[in-house]
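Count residues from 1 along the sequence.
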Amino acid sequence: MTLKAVLFDFNGVIINDESIHENLIDRLMLDENLQLKRGEFREICLGKSDRACITELLQRRGRYLTETYLDRLLLGKAKAYQEKIDSLETLPIYAGLAEFIDKIRVSGLKMAVVSGAMRSDIELVLERAGLAANFELIVAGDDLTASKPEPDCYLLAVELLNQKYPGLNLQPIECLALEDTFAGIEAAKKAGMQVAGVTHTYPFHMIQRQANWTVDYLADLELDRVTQLCSIAPTEPAAENS
């Protein structure tokens with residue numbers, strides 16, 4: 001097995017925007033005359049798409065939404081996210097991300113973003129951060145109804161990369177997914193991929209139980225070593241040290 005592609009989650013891997021999303025979901029709930037409970041955002045929403053997050057939060061309160069109404073809520077949240085991002089003088093992009101992406105690009109591996117975030121969120125941040133040109137494609141929350149921890153988004157990314165590069169013959173096992181949540185790690189593993197977990201959201205020991213590799217920061221991930229190990233055999237969970 002040869003490593004051919006690195007697939008990035010977005011929230012919690014590229015941008016540190018958990019607090020922004022929690023505030024927007026809290027506001028959305030208040031607009032619906034409902035209240036977000038303490039810890040509920042992390043329990044229900046982390047690693048999942050906005051669609052899955054909002055749907056479950058409202059269903060827990062006996063609210064079942066039509067697709068039209070849900071789409072309206074999603075568009076409203078996306079607009080509020082854009083306004084918040086536009087108001088920030090500096091984006092909360094994780095330190096060392098650009099350098100890590102440079103290493104991947106030099107290695108010749110394909111890159112894609114695979115996230116439950118809305119496409120407008122992802123494109124806005126990548127363009128403003130000057131990172132958009134590095135990614136071959138984006139699989140976003142608006143592309144699918146299924147959310148992580150289901151593998152659909154990762155399998156779609158493989159399919160789209162093979163469509164874009166017919167000679168690539170990419171298989172899921174030849175992809176390294178970069179994730180920060182349990183839902184994301186589970187989705188990538190269900191798709192048959194190797195996973196590097198970054199401890200931006202959960203403690204090291206918790207991520208280490210789930211991922212093939214675990215690092216505190218993306219800069220700590222020894223890409224050459226990961227590539228070498230991937231070429232030998234699938235790995236058991238391991239840790240990388242800075």
Give the C-alpha distance, both sets of side-chain angles, the deciding distance and a yes or no for side-chain contact (heavy atoms from CB on, under 4.5 Å) between Gln210 and Glu186. CA-CA 8 Å; Gln210 309 288 331; Glu186 183 178 345; over 6 Å; no

Let me see the working for Lys79 and Met118 under side-chain contact (heavy atoms from CB on, under 4.5 Å), right down to the final yes or no. CA-CA 10 Å; Lys79 181 180 178 181; Met118 299 291 283; over 6 Å; no

Begin with the C-alpha distance, continue with both residues' side-chain angles, and end with the deciding distance and a verdict on side-chain contact (heavy atoms from CB on, under 4.5 Å) for Ile14 and Leu126. CA-CA 9 Å; Ile14 289 176; Leu126 294 183; 4.2 Å; yes

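Within a 6.0 Å radius of CD in Gln35, other residues, nucleotides and ligands contribute 12 heavy atoms or fewer. Under a cut-off of 6.0 angstrom, the local environment of OH in Tyr94 is crowded, with over 12 non-hydrogen atoms contributed by other residues, nucleotides or ligands.
Remark: side-chain polar atoms of Lys110 are not paired, donor with acceptor, to backbone N or O of Leu161 under 3.5 angstrom. Side chain of Ser147 to backbone of Ser49: a donor-acceptor contact under 3.5 angstrom is found. The closest donor-acceptor contact from the side chain of Asp17 to the backbone of Asn11 lies at 3.5 Å or more, if one exists at all. The closest donor-acceptor contact from the side chain of Thr55 to the backbone of Ala52 lies at 3.5 Å or more, if one exists at all. Arg42 places a side-chain N or O within 3.5 Å of a backbone atom of Thr201 that can act as its donor or acceptor partner. When atom types are taken as modelled, the side chain of Asp71 and the backbone of Thr68 share no donor-acceptor pair closer than 3.5 angstrom.
Under the 4.5 Å side-chain heavy-atom criterion for Ile, Leu, Val, Met, Phe, Trp and Tyr, Ile122 and Ile54 are members of distinct hydrophobic clusters. Side-chain heavy atoms closer than 4.5 Å link hydrophobic residues (I, L, V, M, F, W, Y) into clusters, and following such links, possibly through other members, connects Leu218 to Phe10. Residue Tyr154 is not grouped with residue Phe182 when hydrophobic side chains (ILVMFWY) are merged at heavy-atom distances under 4.5 angstrom, including chains of intermediate members. If you chain together hydrophobic residues whose side chains sit under 4.5 Å apart, Ile93 and Val6 fall into the same group. The cluster map of Ile, Leu, Val, Met, Phe, Trp and Tyr, joined by side-chain heavy atoms under 4.5 Å apart, puts Leu91 and Val113 in the same cluster.
Side-chain contact between Leu58 and Leu70 is absent, with no heavy-atom pair separated by less than 4.5 Å. At a threshold of 4.5 Å between non-hydrogen side-chain atoms, the residues Leu156 and Glu159 count as touching. With a 4.5 Å cut-off on side-chain heavy atoms, Lys48 and Cys45 do not count as touching. Residues Ile173 and Gln194 form a side-chain contact, since some pair of their non-hydrogen atoms from C-beta on lies under 4.5 Å apart. Taking the side chain as every heavy atom from C-beta outward, Val125 and Tyr81 approach each other to under 4.5 Å. Here the side chains of Leu221 and Leu176 are in contact, with some heavy-atom distance below 4.5 Å. Two residues are said to be in side-chain contact when any heavy atoms from C-beta on lie closer than 4.5 Å; Leu97 and Ile15 fail this criterion.
Aromatic ring centres of Phe8 and Phe135: separated by under 6.0 Å.
Atom CG of residue Asp180 and atom OH of residue Tyr202 lie 8.0 Å apart, to the nearest 0.5 angstrom. Rounding to the nearest 0.5 angstrom, the gap separating the CG atom in Leu57 from the CD1 atom in Ile44 is 4.5 Å. Here the CG atom belonging to Asp31 is positioned 11.0 Å from the CE atom belonging to Met29, to the nearest 0.5 angstrom. Arg128 contributes atom CZ, which lies 7.5 Å from atom OG1 of Thr90 (distance to the nearest 0.5 angstrom). Here the CG-CZ distance, from Leu73 to Arg51, works out to 10.5 Å after rounding to the nearest 0.5 Å. Considering CH2 of Trp213 and CD1 of Ile207, their distance stands at 15.5 Å, rounded to 0.5 Å.
Salt-bridge check for Arg60 with Glu56: passed, with a basic side-chain N closer than 4.0 Å to an acidic carboxylate O. A salt bridge between Glu222 and Lys103 is absent, with no side-chain N of the basic residue lying under 4.0 Å from a carboxylate O of the acidic one. With respect to Glu83 and Arg27, no salt bridge is recorded, no charged nitrogen being found less than 4.0 Å from a carboxylate O. Look at Lys148 and Asp9 and you find a salt bridge, because one of the NZ, NE, NH1 or NH2 atoms lies within 4.0 Å of a carboxylate O, short of that distance.
Of all non-hydrogen atoms in Ala132 and Glu127, the two that sit nearest each other are CB-OE2, 3.5 Å.
Between Lys77 and the choices Asp142, Asp50, Asp26, the salt bridge (Lys or Arg N to Asp or Glu O under 4.0 Å) rule is met once, by Asp50. Among Thr214, Asp220, Asp216, the one residue that satisfies the side chain to side chain donor-acceptor pair (under 3.5 Å) test with Thr199 is Asp216.
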